[in-house]
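Taking it in order: structure first as structure tokens, then the write-up.
Nothing here was measured: the structure is a model prediction, and the numbers come from that model. The figures here come from the full heavy-atom set of this structure, side chains too, leaving out hydrogens, waters and symmetry mates. The chains referred to below are lettered A, B, ... by the order of the sequence lines, with proteins before strands, and numbering in each begins at 1.
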Amino acid sequence: GESVGLHLPTLSVQEGDNSIINCAYSNSASDYFIWYKQESGKGPQFIIDIRSNMDKRQGQRVTVLLNKTVKHLSLQIAATQPGDSAVYFCAENSNYQLIWGAGTKLIIKP
Amino acid sequence: NAGVTQTPKFQVLKTGQSMTLQCAQDMNHNSMYWYRQDPGMGLRLIYYSASEGTTDKGEVPNGYNVSRLNKREFSLRLESAAPSQTSVYFCASSDRGRGTDGYTFGSGTRLTVV
């Protein structure tokens with residue numbers, strides 16, 4: 001069936017370094033992907049999205065890359081800050097439904 | 001501008017009790033959703049409403065019912081709560097007609113069924 005999954009459950013990054021969070025998806029027909037950030041005790045917060053007709057999209061300190069050939073999605077966070085500590089989810093939007101991966105916990109080392 | 005508001009924030013139920021989780025959005029979004037999130041997991045869709053007057057089952061609808069009361073409000077009801085329904089419940093809304101389809105989430109309802 002359809003599934004979206006993440007490669008690494010936990011990622012530790014030195015403060016100031018760049019973070020890369022990866023995601024694999026299995027539905028090649030999906031045309032829209034979203035990254036969310038979820039801080040402890042809060043609801044998911046929209047970070048950035050990308051449509052399947054794009055390979056790259058940039059936001060403020062974040063970049064999403066989409067490789068449709070291998071069905072891979074990544075989120076790059078530049079100059080990681082303590083406030084970036086959270087669980088990051090990729091999600092695939094298909095017919096009004098979001099299909100979520102399990103999440104990657106990003107830990108910032110001082 | 002509150003976004004998506006969920007009530008209550010916390011609830012403890014006994015097995016077999018019923019309750020309704022309330023959700024309201026003030027962004028004039030067409031679509032609304034109910035998700036549950038179990039520890040260490042992503043969100044799973046329970047029910048959604050693509051537009052006012054319509055509701056559809058998601059991935060895990062059993063044990064739940066929903067009502068799209070109007071464009072703003074979308075409630076989730078547990079008729080006979082079970083311990084397996086212990087979870088954090090999130091309501092979300094989106095407007096697929098705009099440039100971004102990003103969903104806006106409420107802050108969640110932590111439900112414990114004992």
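Proximity to chain A is limited to the side chain of B:Gln37, based on heavy atoms less than 4.5 angstrom apart. Of the two parts of A:Gln45, neither the backbone nor the side chain holds a non-hydrogen atom closer than 4.5 Å to a non-hydrogen atom of chain B.
The line from NZ of A:Lys42 to CZ of B:Phe90 is 11.5 Å long, rounded to the nearest 0.5 Å. From A:Phe89, atom CZ reaches atom CG of B:Leu43 across 6.5 Å, with rounding to the nearest 0.5 Å.
B:Val60 and A:Ile99 are members of different hydrophobic clusters when ILVMFWY side chains are connected at heavy-atom separations under 4.5 Å. By the rule that hydrophobic residues join a cluster once side-chain heavy atoms approach within less than 4.5 Å of another member, B:Ile46 and B:Leu21 end up as members of one cluster. Follow the hydrophobic side-chain contacts under 4.5 Å out from B:Leu45 and you never reach B:Leu78; the two are in separate clusters. Cluster annotation: A:Val62 is not connected to A:Leu65 through the hydrophobic network of ILVMFWY side chains, with a link wherever side-chain heavy atoms come within less than 4.5 Å. The same ILVMFWY cluster, assembled from side-chain heavy atoms under 4.5 Å apart, contains both A:Leu66 and A:Met54.
Residues of residues 105-114 of chain B placed with any heavy atom under 4.5 Å of a heavy atom in chain A are listed by number as B:Phe105, B:Gly106, B:Ser107, B:Arg110.
At least one side-chain heavy atom of B:Tyr103 sits under 4.5 Å from a side-chain heavy atom of A:Ile34.
Surrounding NZ of B:Lys57 are at most 12 heavy atoms belonging to other residues, nucleotides or ligands under 6.0 Å away.
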